Amino acid sequence: MWVSGAWKWTLLKALKNQSEIDFHIPLSYKTRAPRNAEKDWIDAHFVSVEEFEKSIENHEFLEYAIVHWVEYYWTKYEDVIDNGIRKWKIVVKELDIHGLKRLQKEKPELRSDYTTIFLNIPVNILKERIKLRWDNLSLWELQRRIDSAIMEEQEARLHCDFMLDATQSPEDVKNEVMQIIKSKLKK
């Protein structure tokens with residue numbers, strides 16, 4: 001779990017490139033258009049709202065959510081279960097808080113199979129990171145993302161197992177996440 005601007009892709013890439021643990025990092029499905037350097041089927045699966053609705057009808061989701069009140073994001077069940085867990089890999093998946101709450105509510109039998117980590121950053125740092133990421137972001141969109149992040153942090157305190165300080169260096173965040181994963185593997 002993480003708010004916008006918490007450098008989640010930096011963390012995911014660092015985890016993917018380490019050699020200690022065999023990770024599976026499933027791609028999200030998104031109804032928004034790819035951003036600047038994003039590539040379809042490499043960074044995410046960018047699909048239409050119609051494809052999203054068809055996937056709902058076919059019960060293909062492990063979880064899904066409307067993010068920032070506009071776009072649909074979701075994870076297909078097979079991407080996590082069949083391509084990760086059943087192959088004995090550690091699955092790391094970014095989720096919106098709404099997707100996590102849906103997963104916890106609709107699939108309570110899976111709760112002991114995962115650990116949730118929220119990467120948190122103060123609002124002032126979040127604003128700066130968002131501005132770095134999007135140079136032409138409207139004030140309305142910036143405020144919408146800030147409001148969403150504040151709500152996500154409040155909800156994460158209720159629904160997540162760990163809250164990490166994402167103002168640390170990317171290496172320190174990765175090391176903390178690795179410690180959590182290793183401690184869970186020992187159990």
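Keep in mind it's a predicted model, so treat the numbers as computed, not measured.
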Exercise. When you check the gap from the basic side-chain N to the acidic O, do E71 and K30 get nearer than 4.0 Å?
Worked result: no

Exercise. Is R111 salt-bridged to D161, going by a charged N under 4.0 Å from an acidic O?
Worked result: yes

For this session: Evaluate the side-chain contact (heavy atoms from CB on, under 4.5 Å) criterion for residues N120 and R157: first the C-alpha distance (whole Å), next the side-chain angles of each, then the deciding distance (0.1 Å), finally the verdict.
Result: CA-CA 10 Å; N120 195 28; R157 292 190 183 285; 3.9 Å; yes

Exercise. Residues two or more places apart in sequence or in another chain: which of them pass ring-ring contact (aromatic ring centres under 6.0 Å, His included) with F46?
Worked result: none

Exercise. Just how far is it from atom CG of D96 to atom OH of Y64, taken to the nearest 0.5 Å?
Worked result: 13.0 Å

Exercise. Same hydrophobic cluster for V49 and I56, using side-chain heavy-atom links shorter than 4.5 Å among ILVMFWY?
Worked result: yes

For this session: Report the distance from atom CG of L119 to atom CD of E176, rounding to the nearest 0.5 Å.
Result: 9.5 Å

Problem set entry | Test side-chain contact (heavy atoms from CB on, under 4.5 Å) applied to E106 and E63, step by step | CA-CA 9 Å; E106 294 179 4; E63 59 79 28; over 6 Å; no

For this session: Of all the heavy-atom pairs spanning A166 and V173, show the shortest one and how long it is.
Result: CA-CG2, 4.1 Å

Problem set entry | Nearest non-hydrogen partners of E94 and P26, listed with the distance | OE1-O, 4.5 Å

For this session: Enter the distance from I150:CD1 to E155:CD here, rounded to the nearest 0.5 Å.
Result: 13.5 Å

Exercise. Considering only heavy atoms from C-beta outward, does the side chain of L110 approach that of L62 to under 4.5 Å?
Worked result: yes

Exercise. Does some side-chain heavy atom of R35 sit less than 4.5 Å from a side-chain heavy atom of D43?
Worked result: no

Exercise. Given the rule that I, L, V, M, F, W and Y join up when any side-chain heavy atoms are under 4.5 Å apart, are F61 and L27 in one cluster?
Worked result: no

For this session: Before accepting this row, confirm whether a basic side-chain N of the pair R86/D82 lies closer than 4.0 Å to the acidic partner's carboxylate O.
Result: yes

Problem set entry | Residue pair I125 / P122, side-chain heavy-atom distance below 4.5 Å | yes

Problem set entry | Nearest-0.5 Å distance that lies between atom CD in E38 and atom CD1 in I42 | 11.0 Å

Exercise. Do S28 and K93 have a side chain donor and acceptor closer than 3.5 Å?
Worked result: yes

Exercise. Is there a side-chain contact between L164 and I180 (heavy atoms, below 4.5 Å)?
Worked result: yes

Exercise. Do side-chain atoms of E51 reach the backbone of S48 as a donor and acceptor pair under 3.5 angstrom?
Worked result: yes

Exercise. Quick one: does I21's side chain get under 4.5 Å of Q18's, heavy atoms only?
Worked result: yes

For this session: State, with a plain yes or no, whether a side-chain heavy atom of C160 is found less than 4.5 Å away from one of L100.
Result: yes

Exercise. Does the pair I97 and M151 meet the rule for a side-chain contact (heavy atoms from CB on, under 4.5 Å), with working shown?
Worked result: CA-CA 9 Å; I97 192 69; M151 179 277 306; 4.0 Å; yes

Exercise. Hey, mind stepping through D147 and Q143 against side chain to side chain donor-acceptor pair (under 3.5 Å) and telling me if it holds?
Worked result: CA-CA 6 Å; D147 292 345; Q143 189 57 52; 2.7 Å; yes

Exercise. Does the side chain of M163 come within less than 4.5 Å of F118's, by heavy atoms?
Worked result: yes

For this session: Please determine, by modelled atom types, if E152 and S148 share a side-chain donor-acceptor pair under 3.5 angstrom.
Result: yes

Exercise. Would you say the side chains of Y72 and R32 form a donor-acceptor pair under 3.5 Å?
Worked result: no

Exercise. Which residue pairs pass the ring pair (Phe, Tyr, Trp, His ring centres under 6.0 Å) test when at least one of the two sits in residues 139-173, sequence neighbours left out?
Worked result: none

Exercise. In a check of side chain to side chain contact (heavy atoms under 4.5 Å, CB included) between V91 and each of D79, T75, V80, which one passes?
Worked result: V80

For this session: Dump the intermediate steps for side-chain contact (heavy atoms from CB on, under 4.5 Å) on D22 and K87, then the final yes or no.
Result: CA-CA 10 Å; D22 191 12; K87 293 183 178 180; over 6 Å; no

Problem set entry | By side-chain hydrogen bond (donor to acceptor under 3.5 Å, both in side chains) - contacts of E60 (at least two apart) | S55, N58, K76

Exercise. With N17, which residues qualify under side-chain hydrogen bond (donor to acceptor under 3.5 Å, both in side chains), at least two apart?
Worked result: none

Exercise. Can a donor-acceptor pair be found between the side chains of N175 and Q179 at a distance below 3.5 Å?
Worked result: no

For this session: Rounded to the nearest 0.5 Å, what's the gap from CD1 on I181 to NZ on K186? Could you check?
Result: 13.0 Å

Exercise. With side chains defined as the heavy atoms from C-beta onward, is the minimum distance between R145 and K127 less than 4.5 Å?
Worked result: no

Exercise. With respect to H45, which candidate in Y73, F52, Y29, W74 satisfies the ring pair (Phe, Tyr, Trp, His ring centres under 6.0 Å) definition?
Worked result: Y29

Problem set entry | Sole residue of E153, E128, R129 in side chain to side chain contact (heavy atoms under 4.5 Å, CB included) with I121 | R129

Problem set entry | side-chain hydrogen bond (donor to acceptor under 3.5 Å, both in side chains) against K54, all qualifying residues, sequence neighbours excluded | none

Exercise. Minimum heavy-atom separation for A14 to K174, with atom names?
Worked result: CB-CD, 3.5 Å

Exercise. Who are the ring-ring contact (aromatic ring centres under 6.0 Å, His included) partners of Y114, not counting sequence neighbours?
Worked result: none

Problem set entry | Stepwise salt bridge (charged side-chain N to carboxylate O under 4.0 Å, His left out) test for E20 and K182 | CA-CA 10 Å; E20 293 177 69; K182 287 176 184 178; 2.4 Å; yes

For this session: Indicate if I117 and L185 have the same hydrophobic cluster label, given that clusters are the connected sets of ILVMFWY residues with side-chain heavy-atom separations under 4.5 angstrom.
Result: yes

